[in-house]
Every structure is written in structure tokens, then in C-alpha cells.
Amino acid sequence: MKSVSDIKVYLIIGLATTFNVAGCSRQTTLKEAFKKDFYIGAALNQEQISGKDANAIAVVRKHFNSITPENILKWSLVHPEPNTYNFEPADQFVALGEKNNMFIVGHTLVWHHQAPDWLFVGTTGKPVDREILLKRMKEHIFTVVGRYKGRIDGWDVVNEAVGNDGQMRKNKWVEIIGKDYVQKAFEYARQADPKAELYYNDFNMWQKGQREGVIRLIRDLQSKGVRVDGIGIQGHYGLDYPPLDELEESIVAFAELGVKVMITELDITVLPSAWGHRGADITLNFELQEKLNPYVKGLPDSEQNNLAGRYAELFSLFHKHRDKISRVTFWGVHDGQSWRNYWPVEGRTDYPLLFDRQYQPKPAFYTIIKIASNKNQ
Ligand code: GLA
């Protein structure tokens with residue numbers, strides 16, 4: 001349980017981050033707190049983009065100055081059939097960002113997940129060859145990036161091309177096109193919108209093998225004259241990982257490549273690892289429920305406290321490297337929408353973000369605001 005003194009700290013922080021503007025009490029917003037440091041982004045789901053989840057949009061408009069679509073620009077959603085594009089949600093997403101003067105990120109052009117089955121096969125059902133897949137990739141990139149030319153500010157061009165061992169991940173893109181599929185994707189995206197920023201985005205980025213593999217990949221692209229504007233570090237973290245010194249090493253090493261560094265998909269799970277039970281329906285198994293889903297009725301104060309502390313450590317590090325980091329994007333707006341509730345097993349109750357299921361700021365929110373106001377004084 002949280003001690004009385006911890007609770008007092010949160011109350012004081014909460015009060016300290018509320019101040020008076022022209023007689024009205026106003027809470028400091030995330031985007032204001034980090035205005036001089038980096039963009040504060042959120043990933044939006046379809047309900048939010050369409051305006052159905054109006055409460056979430058109110059939070060986004062108040063606290064965030066950058067948006068990324070969680071799913072709607074992934075290949076299988078925006079281009080589900082060879083000759084069918086579904087642009088309506090993406091049009092709404094871009095309009096929302098423009099209306100609110102936000103830095104708009106497109107996610108993601110080339111990835112091995114959430115890619116439709118037809119993409120890699122021909123009419124006979126056999127895998128297509130390099131030439132056809134490159135043609136499909138180019139057509140997709142030109143159509144999607146071209147549609148939002150001058151409106152989407154930055155694109156995650158390639159997602160997760162490098163494995164944990166630092167080698168190119170084995171996927172259909174490599175199998176069919178070869179390792180230069182990454183280079184081709186960047187070239188097509190540059191042609192489609194020369195002014196957009198183009199990023200490489202991946203996970204496990206604090207790990208040595210991953211870090212070195214990504215550095216090799218980016219150096220290789222640079223040596224071929226391919227400009228990469230930024231590296232996205234997906235931040236799907238936990239209370240006890242990643243080690244901050246290793247993450248810091250990656251932030252510094254990536255920045256030394258002359259590119260912007262971004263924390264692109266930040267959330268911190270408070271639940272026990274469930275990777276060993278991937279795909280299991282834990283709702284049918286009482287023992288697993290107890291073990292893997294312990295906080296259905298609410299997060300105990302002690303864990304709330306740990307989460308706030310973890311966010312504080314991370315944001316102190318990000319703030320320290322604010323000259324290298326251009327954006328920190330949370331993977332979602334509020335706990336209720338997070339993918340952590342349904343992956344790697346369905347039906348859990350997680351608390352990974354700064355806003356709770358009632359759209360209210362959590363203690364972690366106040367600790368982060370406090371860091372910004374202390375450090376930026
Ligand atoms: C990866 C992708 C994201 C999202 C998360 C999990 O990090 O880049 O788009 O799918 O996995 O939801």
C-alpha cells in the first residue's frame with residue numbers, strides 16, 4: 001500500500017501543477033510542460049479519430065501536440081485489397097491533426113505484420129518475385145504518402161526490419177526482395193514527398209545486438225546516399241526494463257548518426273509477463289487469471305507509485321537528452337484503450353499510460369509534469 005506520505009506527495013504535486021490564469025484554475029498541460037524540449041504525442045485509435053471517443057479527443061487536444069494513428073495507416077487497413085484503398089479514417093486523422101496544429105506522423109509503410117495476405121502472392125497463389133513486390137511497394141507508398149504530401153509531417157517508413165541478433169529480420173520482404181527492401185522503401189517515400197521526415201522504427205532498441213544492427217543498417221543507407229531523418233525507439237516497457245543506462249547508450253549512439261531520435265510507442269505495463277502464454281484465453285482459466293491479471297479491481301497504490309517512479313526515471317533521461325530527442329509519443333491516450341489489455345493474452349486489465357479509464361490524469365502524469373517544471377526552471 002502507498003504510505004500516507006506518498007499520497008501527500010501526489011497531492012502536493014497535483015496542487016503545484018495547477019496554477020491560476022486570469023483568475024481561473026488551470027492544470028499545466030503535458031505539451032506546455034515540454035514545449036521547449038520535444039513534441040508530446042499520442043497514438044489514436046479509430047474511435048478517437050472518428051470523434052466517437054470524444055473524451056479522449058478532449059484530452060488529446062489539451063495535452064498533446066503530435067498524433068500517430070495506431071492502426072488505420074497500416075497496409076492491411078488502408079490498402080486491404082489490391083485495388084482498394086480505405087482513406088476515410090486517414091483523411092479524418094490528418095484533418096484532426098491539422099485543425100489542432102499538431103505534428104502529424106504516418107505509421108507505417110512497410111512492415112511484416114498487419115500486411116494483407118494478397119501482398120506477397122500472385123494470382124496463382126505462388127509468391128511473387130522481387131520485381132512485382134517492388135512495384136507493389138512503390139505503388140502503395142506513392143499512393144499513400146502522395147495523398148498526404150505536405151500534410152503528414154513524418155513517416156515511419158520501415159518498421160522492425162532488424163532482429164535481436166542485429167541481423168536483418170527474416171520476413172517476406174527480405175525473402176522476396178532482398179535486404180535492400182529498406183533502401184527501396186526510403187527512396188520511394190522520399191520521391192513521394194521530398195519534404196516529409198522519414199524514420200526507421202523498431203523495438204528492443206536498448207539491447208546491444210539490436211542497437212548495433214540498427215546502426216549498421218542506417219550507416220549502410222547513409223553510405224548509399226539514402227537520407228534517414230530519424231530513428232524511432234518503440235517504448236513498450238515494464239517496471240523493471242529496460243535498464244536506463246542501456247537505453248541511454250542507444251539514444252546517444254543513434255543521435256551520433258546525425259538523425260533525430262524519437263521515443264515512438266511509450267507505455268509501461270504493470271502486469272506480469274504473459275509471453276509464455278501467448279494466445280491463451282486466460283478468461284477460462286482461473287489460475288492463470290490470478291497469476292497474469294492481478295489488478296482487475298484497480299491498481300494498488302504501491303504499484304501506482306512504482307509506475308509513477310518508472311515514468312519519472314524515463315522522463316528524466318529523455319529530458320537530459322532533449323537536444324537529441326524530438327518527440328515522445330505515448331502508445332494510446334488512456335489505459336482503457338491500450339493494446340496491453342489484449343496482447344499477448346486477451347482480457348487483462350493493465351495501467352500503462354498517464355490517463356486512467358475515466359480519462360483522469362494519474363500520479364505518473366503529475367510526476368512527469370513536475371520533472372519538466374523543475375528542470376526547465
Ligand atoms: C508495434 C507496432 C505498433 C503496434 C505495436 C503493438 O510496436 O509498431 O504499430 O502494433 O506493435 O500494438
Side-chain angles (χ1 to χ4, degrees), residues 41-49 56 66-80 86 89-90 93 104-116 119 140 144 152 154-164 169 171-173 181-182 185 189 197-207 210-211 213-214 217 228 230-238 241-242 247 250 254 261-271 273-275 278-279 314 327-353:
L44 305 187
N45 65 18
Q46 180 130 20
E47 292 221 316
Q48 293 158 349
I49 291 165
S66 174
I67 51 173
T68 302
E70 191 176 349
N71 284 304
I72 52 123
L73 271 173
K74 289 173 180 168
W75 196 310
S76 59
L77 284 100
V78 74
H79 189 181
N86 176 20
F93 164 77
I104 305 174
V105 181
H107 172 87
T108 177
L109 295 169
V110 174
W111 191 24
H112 54 283
H113 283 307
Q114 293 181 270
L119 174 54
H140 176 83
V144 177
I152 286 191
W155 279 98
D156 289 336
V157 177
V158 175
N159 212 27
E160 304 177 353
V162 177
N164 232 342
R169 186 185 285 278
N171 62 29
K172 292 247 165 59
W173 294 107
Y181 85 90
V182 178
E197 291 189 351
L198 304 183
Y199 314 132
Y200 176 74
N201 190 48
D202 213 332
F203 66 104
N204 279 344
M205 295 285 251
W206 76 87
Q207 292 178 8
Q210 191 83 25
R211 178 195 312 132
V214 169
L217 173 71
V228 175
I231 297 182
I233 297 178
Q234 296 179 13
H236 300 299
Y237 297 150
Y241 65 92
L247 176 59
S250 296
F254 292 156
V261 178
M262 288 150 292
I263 310 299
T264 51
E265 302 183 15
L266 185 58
D267 52 27
I268 301 176
T269 182
V270 298
L271 298 181
S273 171
W275 288 101
R278 195 166 148 177
L314 282 167
R327 171 168 55 90
V328 177
T329 288
F330 290 84
W331 205 243
V333 180
H334 60 91
D335 289 342
Q337 80 172 96
S338 171
W339 72 298
R340 298 288 205 161
N341 296 306
Y342 54 82
W343 187 255
V345 292
E346 280 279 351
R348 296 204 294 174
T349 307
D350 206 344
Y351 301 82
L353 296 166

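Owing to the predicted nature of the structure, the values given are computational and were not obtained by experimental measurement. As the structure lists them, so they are numbered: ligands from 1, and atoms in each ligand from 1.
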Q) Does Gln114 reach the side chain of Asn159, with side-chain heavy atoms less than 4.5 Å apart? A)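 Side chain of Gln114 against side chain of Asn159, heavy atoms only: no contact under 4.5 Å found.
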
Q) Does any non-hydrogen side-chain atom of Val261 lie less than 4.5 Å from one of Ile233? A)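 In contact.
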
Q: Write down the atom of Asp156, the atom of Thr108, and the distance for their closest heavy-atom approach.
A: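 The answer is O-OG1, 3.0 Å.
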
Q) For His79 and Pro116, which heavy atoms make the closest approach, and how far apart are they? A)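 The pair with the smallest heavy-atom distance is O-CG, 3.9 Å.
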
Q: Give the numbers and elements of all ligand 1 atoms closer than 4.0 Å to a heavy atom of His236.
A: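 What qualifies from ligand 1 is 5 (C), 7 (O).
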
Q: Taking only heavy atoms of Glu160 into account, list the atoms of ligand 1 that are under 4.0 Å away from them.
A: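 By the 4.0 Å cutoff, the relevant atoms are 1 (C), 7 (O).
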
Hey, is [X] touching ligand 1 through its side chain, its backbone, both or neither, going by heavy atoms under 4.0 Å?
X: Trp343; answer: neither
X: Phe203; answer: neither
X: His107; answer: side chain
X: Asp156; answer: neither

Q | Contact check: Trp111 vs ligand 1, nitrogen or oxygen atoms, below 3.5 angstrom | A |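 By distance alone, the answer is no.
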
Q | ligand 1 N/O within reach of Asn159 N/O, cut-off under 3.5 Å | A |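 N/O-N/O distance under 3.5 Å: yes.
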
Q: Provide, to 0.1 Å, the distance between atom 7 (O) of ligand 1 and the closest protein heavy atom, together with that atom's residue and name.
A: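 Looking only at protein heavy atoms, the one closest to atom 7 (O) of ligand 1 is Glu265 OE1, 2.4 Å.
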
Q) When you measure from atom 10 (O) of ligand 1 to every protein heavy atom, which one gives the shortest distance, and what is it? A)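 Result for atom 10 (O) of ligand 1: Lys74 NZ, 2.9 Å.
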
Q.
Using a 3.5 Å distance criterion without hydrogens, assess whether the side chain of Gln337 forms a donor-acceptor pair with backbone atoms of Val333.
A.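 A pair under 3.5 Å: yes.
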
Q) Is the Trp173-His112 ring centre distance short of 6.0 angstrom? A)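 They do not qualify: ring centres at least 6.0 Å apart.
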
Q: Could you label the plane-to-plane angle of the His113 and Trp111 rings as parallel, tilted or perpendicular, counting under 30° as parallel and over 60° as perpendicular?
A: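 If you compare the ring of His113 with that of Trp111, the planes turn out perpendicular.
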
